[in-house]
Amino acid sequence: MATGERLRAVDLAATAGMSVQQVRNYVDLGVLPPVRRTDSGYRIFTTEHARALAVARRMAEGHGWVRTREIMAAVHRGDLPAALAALDGGHAELDRERADIQRALGAFETVVASPAAAGPAPRRPARIGEVARLVGVRTSQLRIWEARGLLRPERARGTGYRVYDEAEQRAAQVVALLRRGAYPFDIIAAVLAELRTTGSPQRVRAELARREQDLHRRSLRRLRASAALHDYLRHRESLD
């Protein structure tokens with residue numbers, strides 16, 4: 001497949017700022033098209049390898065090197081369905097991440113808007129029965145949430161009774177609120193982790209908004225990478 005003007009391996013490597021050995025490794029991994037060899041055994045690189053290398057670098061900017069190697073190797077062995085499946089997987093990851101951010105943002109909006117979760121919790125430590133009454137659930141439900149790692153009550157010395165400090169009472173209120181809103185446990189766990197880190201729903205909301213903007217940027221990079229791959233596939237078709 002590799003045709004076009006010949007290039008020295010050192011020149012090809014220089015265009016990408018890498019070593020000649022890295023270029024050889026890319027050939028072995030399938031990131032670059034197969035090479036022909038001279039009668040004396042030297043690899044023959046051409047402008048087609050330079051084109052593939054430029055596409056691979058653009059792909060890596062959007063999809064990362066692991067997926068790029070998978071996609072380019074599939075293309076160069078003629079397995080287009082495998083290449084497209086890997087490409088779709090990359091875009092699907094962003095879609096799931098976007099959905100998770102939106103769900104988490106919705107959860108925080110619920111927390112911020114709720115007087116029960118935003119208002120003051122009792123300042124003194126409380127036992128499990130008091131906390132259950134505070135949040136409106138059974139004690140067994142609090143134990144389930146604890147088993148899932150959502151709550152972290154301390155244990156009283158001597159008796160072993162669960163004791164919830166102010167922070168854990170607030171956490172119990174948040175869990176109860178979000179469960180009533182049918183939020184899944186993974187989102188609730190993410191909400192609690194952020195709240196325990198920042199201590200402020202408003203700050204968490206701002207951080208999630210920042211992550212959403214970062215996701216937009218990564219999505220655009222991935223789109224540009226996929227466009228570069230599309231152009232590369234069309235070019236290869238023209239050579240057949």
Side-chain angles (χ1 to χ4, degrees), residues 63-64 66-67 70 85-86 88-219 222:
H63 293 273
V66 172
R67 179 167 278 110
E70 180 183 0
D88 290 345
H91 289 288
E93 285 177 0
L94 291 185
D95 183 61
R96 289 191 294 270
E97 187 175 346
R98 192 182 304 279
D100 286 344
I101 289 176
Q102 287 300 317
R103 288 195 298 172
L105 277 169
F108 278 110
E109 292 296 340
T110 300
V111 171
V112 170
S114 171
R123 292 288 176 177
R124 61 178 179 79
R127 294 202 2 213
I128 189 168
E130 295 176 85
V131 177
R133 288 190 294 273
L134 173 70
V135 302
V137 300
R138 296 181 177 179
T139 57
S140 59
Q141 191 63 63
L142 293 178
R143 294 189 183 96
I144 291 173
W145 295 343
E146 179 184 347
R148 286 182 170 271
L150 301 175
L151 300 180
R152 307 169 185 173
E154 297 179 353
R155 295 281 183 162
R157 291 183 179 179
T159 64
Y161 291 140
R162 291 173 173 83
V163 177
Y164 296 75
D165 62 14
E166 180 185 358
E168 288 309 301
Q169 290 176 58
R170 173 84 68 243
Q173 290 174 317
V174 169
V175 176
L177 175 68
L178 296 181
R179 285 303 290 164
R180 284 194 290 270
Y183 284 97
F185 283 112
D186 61 332
I187 292 297
I188 296 174
V191 168
L192 289 175
E194 295 289 353
L195 283 174
R196 285 186 167 112
T197 299
T198 67
S200 166
Q202 289 80 3
R203 289 176 60 187
V204 173
R205 185 170 51 183
E207 171 62 19
L208 283 172
R210 186 197 64 77
R211 293 183 193 175
E212 189 174 36
Q213 289 301 312
D214 177 68
L215 179 62
H216 293 337
R217 288 188 289 271
R218 288 190 286 127
S219 183
R222 197 157 294 188

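Along the sequence shown, residues are numbered consecutively beginning with 1. Everything quoted here is computed from the prediction, not taken from an experiment. Excluded from the calculations below are hydrogen atoms, water molecules and symmetry mates; all remaining heavy atoms, backbone and side chain alike, are included.
The main-chain N or O of L215 is never found under 3.5 Å from a side-chain atom of S219 such that the two would form a donor-acceptor pair. The backbone N or O of D165 sits nowhere less than 3.5 Å from a side-chain atom of E168 that would complete a donor-acceptor pair.
Residue A132 comes nearest to R138 through the heavy atom pair CB-C, 4.1 Å, listed as atom of the first residue, atom of the second, then distance. The shortest heavy-atom contact between V131 and Q169 is CG2-CG, 4.0 Å. Closest heavy-atom contact between G129 and T139: CA-CG2, 4.0 Å. A pairwise comparison of heavy atoms in R196 and A171 identifies NH2-CB, 3.8 Å as the closest pair. Across every non-hydrogen atom of V135 and R180, the tightest pair is O-NH1, 3.4 Å. Across all non-hydrogen atoms, the minimal contact from A156 to V163 is CB-CG2, 3.9 Å.
A 6.0 Å sphere centred on CZ of R155 holds more than 12 heavy atoms belonging to other residues, nucleotides or ligands.
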What do the steps show when you test E146 against Q141 for side-chain contact (heavy atoms from CB on, under 4.5 Å), and what is the final call? CA-CA 9 Å; E146 179 184 347; Q141 191 63 63; over 6 Å; no
Begin with the C-alpha distance, continue with both residues' side-chain angles, and end with the deciding distance and a verdict on side-chain contact (heavy atoms from CB on, under 4.5 Å) for L178 and I187. CA-CA 9 Å; L178 296 181; I187 292 297; 5.7 Å; no
With salt bridge (charged side-chain N to carboxylate O under 4.0 Å, His left out) as the test, would you mind laying out the steps for E97 and R211 before giving the verdict? CA-CA 10 Å; E97 187 175 346; R211 293 183 193 175; over 6 Å; no
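The cationic group of R152 does not satisfy the cation-pi geometry with Y164, failing either the under 6.0 Å distance to the six-membered ring centre or the 45° limit from the ring axis.
Of the inter-residue distances, the one linking R127 atom CZ with Y161 atom OH reads 5.5 Å to the nearest 0.5 angstrom.
For E154 and R162, the salt-bridge test fails: no basic side-chain N is under 4.0 Å from an acidic carboxylate O. No salt bridge links E212 with R217; every basic N to acidic carboxylate O contact stays at or beyond 4.0 Å. R67 and E93 are joined by a salt bridge, as a carboxylate oxygen and a charged side-chain nitrogen come within less than 4.0 angstrom of each other.
Within the 4.5 Å cutoff, no side-chain heavy atoms of R179 are placed close to those of V137.
When only modelled atom types and interatomic distance are considered, Q213 and R210 share no side-chain donor-acceptor pair under 3.5 Å.
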